[in-house]
Every structure is written in structure tokens, then in C-alpha cells.
Chemist: 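Take this structure, written in C-alpha cells, and hold onto it; I'll ask about it next.
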Amino acid sequence: MKKTIALWGALTAAALLVTGCTVDEPAAAQTPAPARTTTPAAGQKAPEDPAAVTAAAYRKWGLKPFAAPPAPPAVKPVVRPAGGPVPVISEIPTREKIVFVTIDDGAEKDPGFVRMMKDLKVPFTMFLTDAAIRADYPYFEPLIAQGHGLANHTLTHPDLRTLGPEAQRREICGQQTRLKERYGTTPRLFRPPYGNWNEATRAAAGECGVDAIVLWRESMQIKNMQYQRGDRKLRPGDIILAHFRGPSELKGRTMTEMTATMLRRIQEQGFTVARLEDYV
């Protein structure tokens, strides 16, 4: 019997040797591979923190970054009804702590302002008058390319209430055409010079394809905001007026200095700036 068992053992060992099979052994314990870290290749810069980049851009102009505005509403709160009159607005109905910056005329063409807006990325809408911009149409192209709104402020900046219906239509429709020719965009918003308008203005604006007549609640002067309300405070949805002005009209201050002061006044009251075209 013992010989038989020994014989079977020898035969089994031979079979295993022929087939290449072996008896399993416990696997050796493996040490986890160290975590891989990504380092910039030689000559490459590490990615910059977007928040730090924004803070540096604002610091360049003596400002602190604005809080991000809320997402635009799914339905715009100001809409011209089909076949109805053009709405006339001074503010946007909202509970959010946002305001809207608008800048008129286009007389001052400060290259520093273009750089400032590129750095800050604060949205604004420019209401342009042809008589003020025709000497340098290209100045406004980079501002439009940055995404700022283009709007109508008439051909020659007259007091529209002194003009008849046809003359008003020429001023408004003529500037619609001129801006379309120069910048490839037909404006949807219109502001009458001096804020003066009548029902003939509204009718002419409607004929010219305008969706809203935009007035304002506050206007930025040289160093301070001028308020229409007695409490001298911003309110949610207010539209702020400023102008393309330079040292000759700002008592030696530049347009970038005026703009920085305006933005500080907005921040001091806890507001941020949103894009008007997202609400109208």
C-alpha cells in the first residue's frame, strides 16, 4: 500500500512538472505606490488662481473686486408688449442688490478707460450720439468686443421735445442705421438727450425698432453721485447715468478716476453691477 501511494505521488509530481503548474504560495505584501504630484515642466508657469488674478486687476485701479451678479432671470422683467407702446424705465423691478451702469454721448475717448474695462469686466451700456463719436468710430470697437451694450442716443443730441414727430424719427432711426453700419448691431435701447421725451418720442422709438426708453435714477458727477430720491441711497435695480468725459469737464480728473469713484460709491452701499440687456 505504501509503495502504491509513493508511486502515485511520483506520478503527480511528474505531471505538474510537465504542465508547468506549481503549488500556490502566499503573495508577498505590496507597498502602495506613492501619490503622484504634477509639477510644471521646466520653463512653464504654474496655473494662476483666478481670484488672485481678479484681485490684482482691481488693485491696479485702486478697487476691490465686486461680488458676482446673480444669474439673469429666465424671463426678462421689462418687455415691450407686441404692438404696444415702448416702455419707459428708470429702474429694473428686482429685489437683488444690483444696479446698472450706463454711459452717454461718447465725446471723451480715453484709451485708459478701454484698458480699465478690460481689466475689471464690469458690464455697462453705452448710449452713443453720432455727433460725439464720428471723429473716432474705432475707439468704441474694443468696448463692444468686450461685451458691453451698444445703445442709441440720437444723431445730434437735440432736446427732442422741441422737435416734431418726423424730426424725432430722423434722429432716432438715423442713429439706429448709423450704429448698425458702423458696428454691425442694431440697438434695442434708446435714451433721449437730457432725459426729455414726449409721446411723439415714444411713437418714433417704436417705429425705429426700440424695445425700451431708458432714463435713470442716479447720475455720476465728478466725485459724487446725484440722487433723484431724498434718501440719497441706491435701491435694487437702479439705473445709473455717467458720461464719456475727460479732464476738461471733470475739473482735471480723468474718466478712469471718475469711473473708479462711481464704482466705489456702488460698493459702499453693498451693491454689485449687472448687465442691463439681460433684464430688458
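For this chain, numbers begin at 1 and follow the sequence in order.
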Chemist: Can you check whether Asn198 reaches Leu160 side chain to side chain, under 4.5 Å on heavy atoms?
Modeler: no
Chemist: Do the side chains of Thr129 and Pro193 get nearer than 4.5 Å, heavy atoms only?
Modeler: no
Chemist: Quick one: pull up OG1 in Thr259 and CZ in Phe124 and give me the separation to the nearest 0.5 Å.
Modeler: 8.5 Å
Chemist: Is the closest side-chain heavy-atom distance between Lys121 and Thr54 below 4.5 Å?
Modeler: no
Chemist: Looking only at heavy atoms, what is the nearest atom pair of Asp105 and Ala132, with distance?
Modeler: O-CB, 3.5 Å
Chemist: Kindly indicate, with the supporting measurements, whether the criterion side-chain contact (heavy atoms from CB on, under 4.5 Å) is fulfilled by Phe100 and Asp278.
Modeler: CA-CA 11 Å; Phe100 304 92; Asp278 289 338; over 6 Å; no
Chemist: May I ask whether Ile98 and Val273 are part of the same hydrophobic cluster, defined by side-chain heavy atoms of I, L, V, M, F, W, Y residues being less than 4.5 angstrom apart, directly or through others?
Modeler: no
Chemist: So do Tyr137 and Asp130 actually touch side chain to side chain, heavy atoms under 4.5 Å?
Modeler: yes
Chemist: Is it possible for you to say whether Ile240 and Phe127 belong to one hydrophobic cluster, with membership spreading through side-chain heavy-atom contacts below 4.5 Å?
Modeler: no
Chemist: Tell me which pairs pass side-chain hydrogen bond (donor to acceptor under 3.5 Å, both in side chains) where either residue lies in residues 237-252, with sequence neighbours left out.
Modeler: Arg229-Asp238
Chemist: Any sub-3.5 Å donor-acceptor pair from Arg253's side-chain atoms to Pro247's backbone N or O?
Modeler: no
Chemist: Can you list the steps and then say if Thr201 with Gln168 is a side chain to side chain donor-acceptor pair (under 3.5 Å)?
Modeler: CA-CA 6 Å; Thr201 311; Gln168 291 200 42; 2.5 Å; yes
Chemist: Looking just at side-chain N and O atoms, do Asn152 and Gln175 make a donor-acceptor pair shorter than 3.5 Å?
Modeler: no
Chemist: Are any non-hydrogen side-chain atoms of Phe190 and Val86 less than 4.5 angstrom apart?
Modeler: no
Chemist: Sequence neighbours excluded, which residues qualify as salt bridge (Lys or Arg N to Asp or Glu O under 4.0 Å) partners of Arg235?
Modeler: Asp231
Chemist: Taking only residues at least two apart or on different chains, which pairs with a member in residues 61-88 satisfy side-chain hydrogen bond (donor to acceptor under 3.5 Å, both in side chains)?
Modeler: Trp61-Asp119
Chemist: Are the side chain of Gln176 and the backbone N or O of Pro187 linked by a donor-acceptor pair below 3.5 Å?
Modeler: yes
Chemist: To the nearest 0.5 Å, what is the distance between CD1 on Ile89 and CD1 on Ile239?
Modeler: 4.0 Å
Chemist: Please name the pair of heavy atoms, one in Leu155 and one in Glu171, separated by the smallest distance, quoted to 0.1 Å.
Modeler: N-OE1, 3.0 Å
Chemist: Taking the side chain as every heavy atom from C-beta outward, state whether Leu63 and Arg264 have any atom pair closer than 4.5 Å.
Modeler: yes
Chemist: Please check if Leu234 and Val101 belong to a single hydrophobic cluster, counting links between Ile, Leu, Val, Met, Phe, Trp and Tyr side chain heavy atoms closer than 4.5 Å.
Modeler: yes
Chemist: Evaluate the side-chain proximity of Ile213 to Pro192: yes if any heavy-atom separation is below 4.5 Å, no if none is.
Modeler: yes
Chemist: Do the non-hydrogen side-chain atoms of Pro236 and Phe271 ever get within less than 4.5 Å of each other?
Modeler: yes
Chemist: What's the verdict on side-chain contact (heavy atoms from CB on, under 4.5 Å) for Leu179 and Thr185, showing C-alpha distance, side-chain angles and the deciding distance?
Modeler: CA-CA 7 Å; Leu179 293 173; Thr185 300; over 6 Å; no
Chemist: Looking only at heavy atoms, which two atoms of Thr254 and Glu257 are closest? And how far apart?
Modeler: N-OE1, 2.8 Å
Chemist: Can you tell me how far CD of Gln267 sits from CZ of Phe66, rounded to the nearest 0.5 angstrom?
Modeler: 4.0 Å
Chemist: Please name all residues satisfying salt bridge (Lys or Arg N to Asp or Glu O under 4.0 Å) with Asp136, sequence neighbours left out, ordered by chain then number.
Modeler: none
Chemist: Just verifying a value: how many Å separate Glu218 CD and Thr102 OG1, rounded to the nearest 0.5 Å?
Modeler: 10.5 Å
Chemist: Report the distance from atom CE of Met116 to atom CG of Leu263, rounding to the nearest 0.5 Å.
Modeler: 6.0 Å
Chemist: Give a yes or no on whether the backbone of Gln269 and the side-chain of Lys97 come within a donor-acceptor separation of less than 3.5 Å.
Modeler: yes
Chemist: List the steps and the verdict of side-chain contact (heavy atoms from CB on, under 4.5 Å) for Trp197 and Leu215.
Modeler: CA-CA 10 Å; Trp197 64 281; Leu215 304 180; 3.8 Å; yes
Chemist: Search all heavy atoms of Gly106 against all heavy atoms of Leu128 and return the closest pair with its distance.
Modeler: CA-CD2, 4.2 Å
Chemist: Could you note down all residue pairs passing side-chain hydrogen bond (donor to acceptor under 3.5 Å, both in side chains) where residues 206-217 supplies at least one of them, sequence neighbours left out?
Modeler: Glu91-Arg217, Arg188-Asp211, Arg217-Gln228
Chemist: Nearest 0.5 angstrom please: Asp104 CG to His157 NE2, how far?
Modeler: 6.5 Å
Chemist: How would you list, by chain and number, every residue that makes a salt bridge (Lys or Arg N to Asp or Glu O under 4.0 Å) with Arg182, sequence neighbours excluded?
Modeler: none
Chemist: Under a 4.5 Å side-chain heavy-atom rule over Ile, Leu, Val, Met, Phe, Trp and Tyr, are Leu241 and Val210 clustered together?
Modeler: yes
Chemist: Could you report the tightest heavy-atom contact between Pro85 and Arg202, atom names first, then the distance?
Modeler: CB-NH1, 3.5 Å
Chemist: Let me see the working for Tyr194 and Arg161 under side-chain contact (heavy atoms from CB on, under 4.5 Å), right down to the final yes or no.
Modeler: CA-CA 10 Å; Tyr194 317 107; Arg161 291 187 303 191; over 6 Å; no
Chemist: Do Ile103 and Leu120 share a hydrophobic cluster (ILVMFWY, side-chain heavy atoms under 4.5 Å, transitive)?
Modeler: yes
Chemist: Using atom types as modelled and distance alone, determine if a side-chain donor or acceptor of His153 lies under 3.5 Å from a backbone N or O of Arg191.
Modeler: yes
